[in-house]
2 protein chains.
Amino acid sequence: MEDKLTQAVEDYLKAIYELSQTEGRASTSKLAEYLEVTPASVTGMIKKLASANPPLVDYQKHRGVVLTEAGMNEALETLRHHRLLELFLHDILGYPWDEVHEEAERLEHVISEKFEERIAAVLGNPKHDPHGDPIPRLDLSMPASAETRLSDLGKGDSGTIKRVRDTDADLLRHLSDLGVTPETQVKVVDYSDYDKNTHLKIKNQDEVVVLGQNITEQIYVEA
Amino acid sequence: MEDKLTQAVEDYLKAIYELSQTEGRASTSKLAEYLEVTPASVTGMIKKLASANPPLVDYQKHRGVVLTEAGMNEALETLRHHRLLELFLHDILGYPWDEVHEEAERLEHVISEKFEERIAAVLGNPKHDPHGDPIPRLDLSMPASAETRLSDLGKGDSGTIKRVRDTDADLLRHLSDLGVTPETQVKVVDYSDYDKNTHLKIKNQDEVVVLGQNITEQIYVEA
DNA sequence: ATATAAATTTAGATTAGCCTAAAGTTATTT
DNA sequence: AAATAACTTTAGGCTAATCTAAATTTATAT
């Protein structure tokens, strides 16, 4: 029962975790899309996860899956690896913001607990990765993190950028160019109901930047 | 033809490289022993390597394999990853001498060229790993390294430890305890023809240590 | 030169994770 | 409540890398 998990299993658990954040449960098709495999492959893997010992997911046919306690722990462990690695690549090895995700995606499955422990120490047991995502602690509890989306702010509201979803490297590069990175203070100077565009004044910068809703929904702030 | 190699293929090429160092060629059974798989598995993989495009080994039935130019380049590339990682784990993350090999063994297959480039830069383009093994350069040429074995020294000879074979963690721990590590200066104070034991005086140390031939053959010195 | 031992190869299975195509289930619309 | 659309599962295959067991080849010793 205590066999080491394969990389594919770790990826599935992480994906189920991510999708459950917004959806509550993870459907076969959403998982297939997220992992870029066919739905049939997902069904196959889900069955394995559900009949593992201990079971890693609760599975009801045609109704998708939810992580069990055991599955959640594995997902958080992998997530801790991933986010520590992202920060390590950025802070210690000088990777740019938008390149850390891809490299961490491969390394996370391969590093030992010792490696995890060492980079956590070198980084000073950090709470957030370079995109502002919270890093699960050693006991797998989660540090608090901003839940207000930039898209929720109205005209005149101010806040500090805390977090940007990290899956799209192009978007990260774009935001970095515009100066929209964690800890930046911003103010919504205008909002257009017609095209859902947010006009943003960035502290210490003259130009006002305009962001579409698809982008402002990916950015979290603290008022 | 330009597909990325699998981890197993990289391991085979590296093993063939290592065995070829001492044997000139790599036999099926030696490879099987080295890689801890059955000879049948080796035969299967060897056929694949030989019929790859471009071929990675020259294969003659019942006569073992030799690396081709292409195979040699892949082997050296993986070796560069491995040895850079060992030094990185030791110098930057504070791993003890005897634990770097195992971790590097897994990471070497997964890091990108960027990661390689970054750690090489952080380490200052080093020529040797923590065991004294030479690190292939970016162009895959090899820095010079000591070729005289400690077992070749006679009574009264002195030298500086330069290199210890890195595959056996217990041995490394043992030598570390005894104070036999790279750059240490030593003198052979006695040699027993009967039991092939070397009696070694270590600079700045009172006790004389006794090493069997199986060990002194794994250690390289510079006169 | 024949028998035996050692090394190697062949043949056939196994496992993990993926695929396509067909069949079945659930949800939505009229 | 029937038809259609959307989603999910089943069934059967594929590839990579391994295994065991049997067959073959090479080397060694009488």
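A note on names: the letters A, B, ... follow the listed sequences, proteins ahead of strands, and every chain is numbered from 1.
Closest approach to the A:T38 side chain among C:dT20, D:dT18, C:dT9 is made by C:dT20 (side chain taken as heavy atoms from C-beta onward). Among the nucleotides C:dA27, C:dC19, D:dA16, the one closest to the side chain of A:R63 is C:dA27.
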Determine, stepwise, if the pair B:E18 / B:Y34 fulfils side chain to side chain donor-acceptor pair (under 3.5 Å). CA-CA 10 Å; B:E18 291 291 349; B:Y34 190 95; 4.7 Å; no
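Scanning residues 6-36 of chain A for heavy-atom distances under 4.0 Å to DNA chain C yields A:T6, A:A8, A:Y12.
The side-chain hydrogen bond (donor to acceptor under 3.5 Å, both in side chains) test with A:H131 singles out one residue from A:E86, A:R165, A:R163, A:R83, and that residue is A:E86.
Between the NE2 atom of B:H62 and the C1' atom of C:dT9 there is a distance of 6 Å, rounded to whole Å. In this entry the distance linking CD of B:Q60 with C1' of C:dA7 reads 16 Å, nearest Å.
Using a 4.0 Å cut-off, some side-chain N or O of B:K48 falls inside it from OP1 or OP2 of D:dA17. Contact annotation: A:S41 does not reach the phosphate of C:dC18 (side-chain N/O to OP1 or OP2, under 4.0 Å).
For the pair B:K30 and B:E23, the salt-bridge criterion is met [side-chain N within less than 4.0 Å of a carboxylate O].
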Compile the donor-acceptor pairs under 3.5 Å between side chains in residues 169-177 of chain A and protein atoms, sequence neighbours left out, one pair per line.
from   : atom 1 : to     : atom 2 : distance (Å)
A:D170 : OD1    : A:R173 : NH2    : 2.4
A:R173 : NH1    : A:D98  : OD2    : 2.4

Review item, side-chain donor-acceptor pairs of residues 72-79 of chain A, under 3.5 Å, at least two apart:
from  : atom 1 : to    : atom 2 : distance (Å)
A:E77 : OE2    : A:H81 : NE2    : 3.2
A:T78 : OG1    : A:E74 : O      : 3.1

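Side-chain contact check for A:S151 and A:Q213: no donor-acceptor pair (N or O, by modelled atom type) lies under 3.5 Å.
Sequence order on DNA chain C of the closest nucleotides to A:A40 and A:M45 puts A:M45 first from the 5' end.
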